[in-house]
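Read the structure below first, then the notes.
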Amino acid sequence: MSIENPVATASDVTAAIKQDFIRQIVRDDLASGKHAVVHTRFPPEPNGYLHIGHAKAICLNFGIAAELGGWCNLRLDDTNPGREDPEFVEGIKDDVRWLGFEWHGLRHASDYFDVFYRSAIKLIEDGVAYVDDLDPEQMRAYRGTLTEPGRNSPHRERSVDENLDLFRGMRAGEFADGSKTLRAKIDMASGNINLRDPAIYRIRKVAHQNTGDAWPIYPMYDYAHCLSDAMEGITHSLCTLEFEDHRPLYDWFVDHVDLVNHPQLWQSVVAAGLEARPAKPRQIEFSRLNLSYSITSKRKLAQLVGEGHVEGWDDPRMNTLRGLRRRGFTPAAVRLLIDRVGVSKQNSVIDYAVLEGCVREDLDATSARRMAVLDPLKLVLTNLSEAHEETLPFPNHPKNPDFGMREVPFARELWIERDDFAEVPPKGFHRLKPDGEVRLRGIGIIRCTGLIKDAAGALIELHGTLDPETRHGMPGADRKVKGTIHWVSARHAVATEVRLYDRLFNVAAPDSEEDGKNWLEHLNPQAKRVVQAWLEPAAAAVAPEQRFQFERLGYFVADRIEHAADAPVFNRTVTLRDTWVRQAGS
Ligand code: ATP
Ligand code: MG
């Protein structure tokens, strides 16, 4: 069974025209005729799965293209062989689609390896690149510091011919890893360290996931990235703030290589049948998305997986997109978060509660209701006969009749939540207590008439009576009692495993290192608890990824991988209310 989604999603509701400084620049460029079509790209490195931070870059790049009738490429930035894996490439494609976007072109930086190589030869011929023999450590020593200028390498004045010869030797695999580097000849005294003769190519005899052993040299990020943008005709190259100081270098490479006016450099791309319309891109920086109680670094997420702190990249505790998906988060909720956060150059940390608020908002509107009991206590209604059995129509959604009705079986023996009963009730307790009354959701008012305990004094069962005068259609149906509790018929209930997830870290800034602790010391041991629970039948026989609100408990999703109709497994996406505000305040 699958539940239709007849209502507007939270992000449809907020689909008003988005305003931020980047969209403003793009709109101005379209209005002035600088560009006829906006062309963006999302350029992840396939060295891990995407996380919630990437969602910001995805929604921005794909969103702008979609809103303004442009194009957005998905480009796998695969210039670091060894760390990259085709598994991650497939995962990234999947996650982008899950978020609701489709790319114009799918590209790899490695599609342009020949372009990068020819462009490097051009730079050497133009006298603005040279082969250096300094090893990485020496190069660091020559580079200088923020306060001291660097020094010229002794190899900086090699002739063009000698440089061409050495670079071709690098390409032919004649030199050992790290023994030579191709560098741009810019300015070793520049106030911007990125311009102190940055590396263009290094020797790395490592097989590449796309090109195999074809290349013993690989281009550096700062060189490959801007030329890939230029190759694809990217108009606005949106990246995070840490690249602000790299922008002069970005422009330097684009201008000095000048793909637009040198088509001989990109013949291989044309020959491969890839769209090639080089243009000069403009880099614009925006702030990263940081989320409290979580980590947005692929390296650290990889460490959590590698060291077994979680069960995989898609563990529902992970803030990877696949973790969030398995946890039951909707693409609409993630997009809503990104809309709420907005785009600026201001670095900030978004409270995890904002993300939870977004998913509650979306799921409240889009999830059918069901009853489940997570910590069961038996309740026997002694004034019903052993054979008593009826099914009652329940609305699937309290506010939206389009969700329709379902049949819920009711009988003499029920499961209720253990904490909906208190033998010694605290002040203000409005649920069930000895000789007290409470409303059973959809049935009527019951009174607690007896407690059954085992030899050790532990409560094992409650007895109660149902007031027939309070049933639907009876004169007392509207009689008021303070509390309402949910229940499941014991005879009809379906056993399920429920995984109660919570935040992965128990402090807001796990990797701040302010307290001198390693970030792993802040893992929340309560972030996953597994309980055996009971479901009403209509909650059990559903497809994986079916989401429900279990009344009074929270939003839950049938596990994408392990759920089966005859052996249900549900994950708690989020509780109905924020339980962390209270904890933080106490
Ligand atoms: P990580 O440090 O987690 O590996 P990254 O920036 O190295 O992240 P990439 O795969 O290179 O990861 O990122 C692809 C794109 O996503 C880049 O344009 C990058 O700026 C952007 N991005 C990565 N993390 C965030 C974030 N937290 N907020 C916004 N954009 C991000
Ligand atoms: Mg990176």
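Read the numbers this way: they start at 1 and go in the same order the structure lists the ligands and their atoms.
For the residue pair Cys226 and Pro281, the shortest heavy atom distance occurs at O-CG, 4.3 Å. Counting all heavy atoms, side chain and backbone alike, Arg143 lies closest to Met188 at CA-CE, 4.0 Å.
Checking only distances, Glu45 does come within under 3.5 Å of ligand 1, N or O to N or O. The distance criterion of under 3.5 Å between nitrogen or oxygen atoms is met by His54 with respect to ligand 1. Taking any N or O of Leu238, backbone or side chain, none lies under 3.5 Å from an N or O belonging to ligand 1. Ligand 1 has no N or O atom lying under 3.5 Å from any N or O atom of Asn47, backbone or side chain. Geometrically, ligand 1 and Ser297 share no nitrogen or oxygen pair separated by less than 3.5 Å. For Thr240, a nitrogen or oxygen atom sits less than 3.5 Å from a nitrogen or oxygen atom of ligand 1, counting backbone and side chain alike.
Remark: Arg140 does not engage Glu137 in a salt bridge, criterion side-chain N to carboxylate O under 4.0 Å.
Partners of Glu562 under the salt bridge (Lys or Arg N to Asp or Glu O under 4.0 Å) rule, at least two apart in sequence or in another chain, are Arg326, Arg499. The side chain to side chain donor-acceptor pair (under 3.5 Å) test applied to Asp20 returns Arg23, not counting sequence neighbours.
Residue contacts with ligand 1, taken as heavy atom pairs separated by less than 4.0 Å, do not involve Phe243 at all. Counting heavy atoms under 4.0 Å from ligand 1, residue Arg299 does not touch it at all.
Under 3.5 Å, the side chains of Ser237 and Arg41 contain a donor-acceptor pair of N or O atoms.
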